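Just so you know, these numbers come straight off a predicted model, no measurement behind them.
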Amino acid sequence: MSTTSTDPRAAAAALLVPGTTCHGFTVERRETVPELDADAYVLRHTASGARLLYLACDDENKAFAIGFKTPPADSTGVFHILEHSVLCGSAKFPVKEPFVDLIKSSMQTFLNAMTYPDKTIYPVATTNEQDLYNLMDVYLDAVFNPAIYTKPTIFEQEGWHYELDLPEGAGGEGSAASLREGTLRYNGVVFNEMKGALSDPMSVLDDAVNAALYPDTAYAHESGGDPRAIPALTYEQFLDTHARHYNPSNSYITLYGDLDVDRALAFLDERYLSQPSAASRRMDAAVAAGEDPSALAPNPLGVQAPVTCEYKRVEMATTPENALVGLGLVLGSALDRKRTIAADILFEALLGSNEAPVKKAILAAGLGGNVVSYTAAESLQPYELIMLQNAQPGVARELRRVFQDACRDLCERGVPRERLEAIISSNEYDLRQRDYGIADGVAIACDALSTWLYDDDAATLALKYSPVYEELRGELDGSYFEDLLCELVLENDRMALVELVPVDAGAGSEGAEAAELAAKRDAMTDAELADVVERTAALRAAQEAEDTPEDKATLPRLRVSDIGEARPEPPLVVDTTAPIPCLRHGIPTNRLAYAMQYFDLSCVAFEDLPYVTLLCRLLKQLPTREHSAEELDNLIAGKLGFLSFTTEVMTQPDVDGVRPYLLVSAGALSEKIDALASLPREVWSSALLADADADRVRDVLTQIRIGLEQGFINNGHSAALGRAMSYSSPSAVVREQLSGVDFYLFLRDLLEHFDERLDDLRAKLAELAGRIFVVDGCMASFTGSDEDFDAYWDAAGDLGLGAGDGAGRDALVVPAPCDRHEAFVIPSDICFAASACDPRRLGLDVTGTWAVAANALSYDYLWNEIRVKGGAYGCGFRAAGERQTAFYTYRDPAIDPSIERVERAGAWLGRFEPDEAAFEGFIVSCVSGMDAPVKPYALTKRRNTTYLAGLDPHAREERRAQMLAATPGELRSLGTDVTRIAAESPTCVFGGRDVIAKSNAGFNVVDLLA
């Protein structure tokens, strides 16, 4: 049966009647989910046992996801390796990298896979319905019929394998002498990814807390894989694990959005759920061979009995600043949504800001530099982790005492109701905004599994939050929150205290791994060493082999003709009738309003720019003339959705032109427009900067430092890109001074001399605030309804901004950039590298054709050379507008091989001869990325940047047209320019000391965190 209704909810209601069967699926129930403006249908495929949730709603950004319950039995990372490996070809689509082919050829708005501690999810999203079926087809064949059963090289590439590096000048190649002199090492994409992931002390601490809280369950293991354990995984164990878990009866399927559900169900039933799979055939063969069927079941996911870990010490090779203490508290059951949400609200109220009462007590005790907490709700037994950063030695038990004493006091006196109510209001704002950062349907599918995985009747439990919040508001009148706090903190028998202690790198995992590998090499026979060389060569040959035309033809592809017209945007209006010139955006916002003010920073001297960043971070942390810091904190959380003070740097049409701004951004519900107009103004105009409390300021500065250091470790590619750009771009020089390495070095020095510089700091901040927050050079922005616009300006007036005296308006003089060729040492076993420049320096005009070239380079040449062969977790080439080109690598095991491959990128592009379908795919994916739906706030910021950076307002349309008109010949003609970019773009590296030491690139090595 098919329907002709264009209303997806009406069509679903007519088709999916509870109790009936449709294409092999029994419709178990229908529910309305007002929070999502959707109707939810829960179905079960009778023959296979697959579960399905369809959320019918009027969202053009359709989504599909299939998930599997995958609790690990060890820390070999088998499910993480499977997540990567099944997307490396399948029975129906026998190409090497269908995942990459989809990225570079579909209209996807999301395409990825994620491994969680107890589940693996494969979600996709797109605005094109045929594209959705194409994506579903490839993903479903990947999970059910992957090529892993016939191609062991996939396991070696994505998981791990040995390589033997032979020294230069050793005996003849392959001789016993040269083999014995070689260095044995591990390589593999997941192996290297997890080396990077477990270079993050917070991740290591979280793993240790889980192991202490849940020692007898899957959560005791590192689901991503511990590099020390990954090499214990065998190929047979890998296949066995897939066969036991990747079957329909262990699956959870989600469909979302405006789609033809009749067609979707028929597709699922006929193509996959009613057909045998590679996994089922392996299972059948095992049973036929006499294996006990119970041994072929998926890994169990059990409930942990109460465990209290009084203290556990974990050592990690990292810098002393990364000392951590973690206190983990089990909250209860994932199915008790009220308790989990209430705990999240409660701990946010107690620890969510420097004015939160428990955080304030911990900071006052001087135990460390910062304390943060988060609620891990996506597990069978959710937990809260309270984490002390930059911890002083031996303070673990003292942290627990201070924490419990502060909570005991609140249990007796009461948790401040204004704070709880503010957090509830802030959460409700976020829920109405629905800005997940990814396609809505993908985020919702993941949310649904946070309860559905543990109870088939709980498919929508996590999605229907409004009744919970309504109930919790009612609990503000009683002792519910105090009782809960007492249960979780003072009476909890499910608690763990873990201290992460930094040790010298010589005692770390790299040394242990090197010793282990040396012993393995010595224990190998000559034949076994030769086999390592031969298997590596065979793997390289498989990686370098081209897919046949016949194999390529199996992939479903969209054509350029499938791309619709560009989504029209309302014109950007500069409203000069407002008290301050205002960029006005007529964008639907679901009864939300966004107000921004851009304050020109050309009045600030270059050496004073770091103080502007400090000003931004301190403004919300200090009392004002009207309110204490605690009162202000509650007002902002309760009245606004958010309030932020940040800096943005706009590159100008002149290659040397730069215009930095201090940006004040705020959002609020339409019914709270008055607060949107008054609270930001109060903060910037009356914050008590001149006599700011010393401890409060020191705490904020320390927290900024800790955050920057975490960023260098976890997102070193972003830091490397920014630093590499600063070697040639004045705009990037300014960004470095505001938020990059230069700011970090300034901040460290300020903290080291804090007491003697405090008075000057206070005076400088007050002076800068008076100079910056003036009407001269200010541009406002507003997004919301006409009624909200009028109400905002009626309440805001002139925002209390003085005219300014004009003095120093051109004080900013940016030093000339120069290539520093730096390699920054961070505590890590891998590296991040970037080479970047402003193409205008090279006389290059970066058009939309460059975007297609960047797609081809990133997902064809660089992916195969640096990720597949080199083992890096990520890599790419960017051609962002006409003002940046850059190569980068992410979690890369080595520097020089990737640099050499980047140098050859232009030559590859010069020989680029794709078939017609493949080339159309590059165009389709480029244009669809430009056309993907954007949330109102992000769209507002993009349009503001276009205006303030002096970009042509029609540049996006022109760039889109250039993409659509691109030809292979035009891409080949860019090869010489790409070679120039690779040769002339300065390079910067962030990485581990050992990785940097192995490079012959002659970097100026800087011990960044020393």
Side-chain angles (χ1 to χ4, degrees), residues 35 37 418-419 421-435 466 469 473 570-599 619-620 624-627 631-646 661-687 773 775 778-802 934-944 947:
E35 295 85 343
D37 297 318
E418 64 275 11
R419 186 156 194 86
E421 189 163 11
I423 300 301
I424 290 173
S425 295
S426 178
N427 287 2
E428 288 179 326
Y429 173 90
D430 291 339
L431 292 166
R432 184 191 291 190
Q433 186 173 231
R434 293 189 205 166
D435 193 348
S466 291
Y469 275 92
R473 280 193 178 277
L572 177 62
V573 176
V574 182
D575 193 315
T576 56
T577 65
I580 293 170
C582 182
L583 301 173
R584 186 171 177 181
H585 304 270
I587 302 170
T589 60
N590 192 27
R591 305 190 315 283
L592 303 176
Y594 303 103
M596 305 180 198
Q597 295 82 34
Y598 291 82
F599 293 97
L619 276 173
K620 291 198 302 177
T624 66
R625 289 191 294 270
E626 294 84 2
H627 295 98
E631 291 169 340
L632 183 65
D633 199 40
N634 291 335
L635 276 172
I636 291 171
K639 299 290 186 181
L640 301 178
F642 68 93
L643 172 61
S644 67
F645 292 79
T646 58
Y661 290 90
L662 190 158
L663 170 59
V664 183
S665 303
L669 304 175
S670 292
E671 50 267 34
K672 296 183 179 180
I673 288 292
D674 285 352
L676 186 64
S678 63
L679 279 176
R681 169 180 174 172
E682 177 185 332
V683 173
W684 78 54
S685 65
S686 67
F773 294 113
V775 72
C778 177
M779 174 65 74
S781 167
F782 188 88
T783 306
S785 67
D786 291 344
E787 294 77 12
D788 287 348
F789 178 83
D790 293 338
Y792 174 79
W793 285 111
D794 285 345
D798 62 4
L799 295 172
L801 298 173
V934 181
K935 295 292 184 178
Y937 180 66
L939 180 57
T940 295
K941 288 196 69 176
R942 190 190 79 199
R943 286 153 55 100
N944 289 348
Y947 180 85

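- With contacts defined as side-chain heavy-atom distances shorter than 4.5 Å, the pair T783/Y937 does not qualify.
- Side-chain contact between W684 and L662 is absent, with no heavy atoms from C-beta onward closer than 4.5 Å.
- T940 places a side-chain N or O within 3.5 Å of a backbone atom of P936 that can act as its donor or acceptor partner.
- Side-chain N/O atoms of Q433 and Y594 include a donor and acceptor closer than 3.5 Å.
- Panel note: side chain T624, backbone A687; no donor-acceptor pair is recorded below 3.5 Å.
- Although no hydrogens or angles enter the test, the distance criterion places a donor-acceptor pair under 3.5 Å between the side chain of R432 and the main chain of R591.
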Is there a side chain to side chain donor-acceptor pair (under 3.5 Å) between S425 and R473 once you walk through the steps?
-> CA-CA 10 Å; S425 295; R473 280 193 178 277; 3.1 Å; yes
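- Within the 3.5 Å criterion, the main-chain N or O of L632 finds no donor-acceptor partner in the side chain of K620.
- Y792 and F782 have tilted rings, their planes meeting at an angle from 30° to 60° on a 0 to 90° scale.
- From L643, atom CG reaches atom CG of L635 across 11.5 Å, with rounding to the nearest 0.5 Å.
- Pairing each heavy atom of A795 with each of D674, the nearest pair is CB-OD1, 3.7 Å.
- Judged by distance alone, the side chain of Q597 and the main-chain N or O of C778 form no donor-acceptor pair under 3.5 Å.
- Salt-bridge formation is not detected for the pair K672/D788: no Lys NZ or Arg NE/NH1/NH2 atom is positioned less than 4.0 Å from an Asp or Glu carboxylate oxygen.
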